[in-house]
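Throughout, a chain's letter reflects where its sequence line sits, starting with A, and its residues are numbered from 1.
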2 protein chains.
Amino acid sequence: MKFEDYPVAASPPQGANPCEHCALRRLEAFLPVTAQQLEAIQSFRTGTRRVEAGGTIVDEHRASPQLFTLYAGWAFRYKTLSDGRRQILGFLLPGDFIGLQDEFADGQTHGVEAVTDATLCAFARERLWALFQTQPRLGYDITWLAAREEKLVDDHLVTAGRRNAGERVAMLLMHLYRRAQRVGMVRDGWVEFPFNQQHIADALGLSLVHTNKTMRRLQRLGLYKLDGGWLRILEPHALETLGDYFERPLRPMPMI
Amino acid sequence: MKFEDYPVAASPPQGANPCEHCALRRLEAFLPVTAQQLEAIQSFRTGTRRVEAGGTIVDEHRASPQLFTLYAGWAFRYKTLSDGRRQILGFLLPGDFIGLQDEFADGQTHGVEAVTDATLCAFARERLWALFQTQPRLGYDITWLAAREEKLVDDHLVTAGRRNAGERVAMLLMHLYRRAQRVGMVRDGWVEFPFNQQHIADALGLSLVHTNKTMRRLQRLGLYKLDGGWLRILEPHALETLGDYFERPLRPMPMI
DNA sequence: CGTCCCGTTGAACAAATTCAATTACGGTGG
DNA sequence: CCACCGTAATTGAATTTGTTCAACGGGACG
């Protein structure tokens with residue numbers, strides 16, 4: 001299977017004014033910003049960070065001095081119980097803001113791990129308050145992002161708490177597909193799907209074996225196809241119905 | 001069983017400057033505010049609302065034009081699937097801010113229901129952005145509240161996804177107890193516990209019957225006691241260990 | 001070619017749900 | 001004061017869903 005390159009380069013622009021040439025921000029999924037806001041964001045920004053597939057973006061047990069916006073790649077947030085059981089709290093796509101929760105949680109937070117090679121824009125956490133002061137609009141946008149992320153977790157909690165295995169898988173596939181679609185990661189109906197079944201199991205609160213059997217079943221039913229790390233939804237309506245999950249068209253979201 | 005009255009009156013102060021006489025805000029759990037901030041909050045405030053036990057604070061399928069701070073009583077956030085299965089997303093105690101998520105979600109949000117009679121301070125959603133502009137600090141505080149609430153949902157998701165029935169109950173009891181303790185709702189080791197087993201089941205993602213059997217078991221083990229709608233934790237350490245959940249001492253939180 | 005990771009599958013087992021009563025209790029009307 | 005009701009808590013039993021255990025296959029890689 002071959003695919004053209006993703007329109008957004010693997011790394012954010014380098015040089016003096018990287019944010020002004022940010023390809024990610026040009027996507028329709030994101031709200032436009034004024035020149036002044038862009039400048040504020042750019043000065044809030046401290047640099048770029050690369051993390052290879054499987055690497056740690058935020059350590060689960062250490063408060064990170066930085067905030068990030070995921071620029072390219074897939075990542076996820078997770079927590080582990082002391083005996084090793086892991087719960088994936090959510091997946092992260094380009095444009096997602098990372099680390100806000102820790103700002104206010106005294107330790108005891110969550111980890112973030114890259115699934116694919118990932119690139120991130122880093123920001124100094126200590127300058128967050130100054131940003132609110134000088135750019136109230138960006139503060140408001142950050143609240144928007146925090147509220148949106150809570151909504152994602154809310155939905156995820158419904159899945160883990162009240163849906164059965166088949167419904168969980170259906171819901172997750174549609175959810176990830178829709179989000180990827182929004183940021184232009186769908187090509188000819190295929191999305192990169194770099195997760196292994198352990199990721200899915202840990203996200204859905206299922207065992208590895210049962211996840212496998214459930215996914216196999218839905219594939220045999222012809223609802224979706226997985227090939228070489230790429231996903232294609234064959235029966236979106238059937239999956240939405242099964243998962244009782246219908247994503248509405250979304251407004252453009254802010255991006256920091 | 002008899003208990004003194006809760007120190008915070010059932011309703012916020014009436015009259016010209018209600019926030020200046022707010023008893024809730026005086027609790028150590030909440031950060032102090034400047035006179036200027038208090039005034040801003042007071043002018044952001046539009047009134048008081050009472051909801052009786054079982055009543056709807058926010059309709060699940062209608063965007064509320066108001067935001068609230070719960071002043072007195074217990075409430076919960078929830079979502080229901082189309083076939084009626086309900087997931088409780090979290091419980092609300094005095095001081096909790098309500099409705100922020102909807103600000104940014106195009107419909108498709110969650111409901112809020114009062115468990116006991118409840119009193120709330122109402123705010124005009126449409127003036128939220130103005131508040132961020134004129135009082136960046138309060139904007140920052142609201143972000144704090146949003147991030148904290150996401151953290152609560154994160155923890156809840158771990159519970160629903162990766163803990164077994166006994167662990168879930170243990171975790172929930174300790175969690176509610178600790179939060180109630182923070183806002184002075186614990187009297188002689190007892191907290192009001194107005195939930196029925198269906199609430200617990202819907203919060204934990206368990207069936208009613210299994211919730212009952214699990215709770216019975218933990219009671220027979222002498223870990224906690226429930227009497228006339230009041231809860232007493234008998235073995236906090238055992239419950240924390242079982243639930244693998246250790247609440248750290250918390251910093252005072254902002255209150256709007 | 002051997003090893004490791006991952007996906008797949010069957011089988012035994014355990015946890016949780018569903019079904020079906022029964023009991024406890026607060027409130028109401030007689 | 002007492003019978004009657006409706007709601008919520010309990011409990012046992014049958015059934016289903018999901019987990020654990022074990023084994024095998026294929027592909028990537030050294």
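When the P atom of D:dA9 is taken as reference, atom CZ of B:F195 falls 13 Å away, rounded to whole Å. Residue B:R217 contributes atom CZ, which lies 12 Å from atom C1' of C:dA16 at whole-angstrom precision. Rounded to an integer number of Å, the gap from B:D202 CG to D:dA8 C1' is 14 Å. Between the C1' atom of C:dA15 and the CG atom of B:L204 lies a distance of 15 Å, rounded to the nearest Å. Rounded to whole Å, the distance from CE on B:M215 to P on C:dA16 is 15 Å. Rounded to whole Å, atom P of C:dA15 lies 16 Å from atom CZ of B:R162. Distance A:L208 CG to D:dA22 P: 16 Å, rounded to the nearest Å. The CZ-P distance, from B:R168 to C:dA15, rounds to 13 Å in whole Å.
Residues A:M253 and A:D96 are in side-chain contact: their nearest non-hydrogen atoms beyond the backbone lie under 4.5 Å apart.
Taking the charged nitrogens against the carboxylate oxygens, A:E149 and A:R77 do have a contact shorter than 4.0 Å, which makes a salt bridge. Here B:D188 does not pair with B:R232 in a salt bridge; the nearest charged N to carboxylate O distance is not below 4.0 Å. The residues B:E167 and A:R85 are annotated as salt-bridged, a charged nitrogen and a carboxylate oxygen being separated by less than 4.0 angstrom.
The side chain of A:Q197 places no N or O atom within less than 4.0 Å of a non-bridging phosphate oxygen (OP1 or OP2) of C:dC5. For C:dG7, the OP1/OP2 oxygens have no side-chain nitrogen or oxygen of A:R216 closer than 4.0 Å.
Checking D:dT10, C:dG10, C:dC19 against every side-chain atom of A:V209, the shortest atom distance belongs to C:dG10. Comparing C:dT8, D:dA9, D:dT11 by their closest approach to the side chain of A:N212 singles out C:dT8.
Residue contacts for B:G205: at a heavy-atom cut-off of 4.0 Å it reaches the sugar-phosphate backbone alone, with no base atom in range. The residue A:L206 sits close only to the backbone: its heavy atoms come under 4.0 Å of sugar-phosphate atoms, none of a base.
Checked by atom type and distance alone, the side chain of A:Q87 never pairs as donor or acceptor with a backbone atom of A:T80 at under 3.5 Å.
No hydrogens or angles were tested; on distance alone, nothing pairs the side chain of A:K213 with the base of C:dG7 as donor and acceptor under 3.5 Å.
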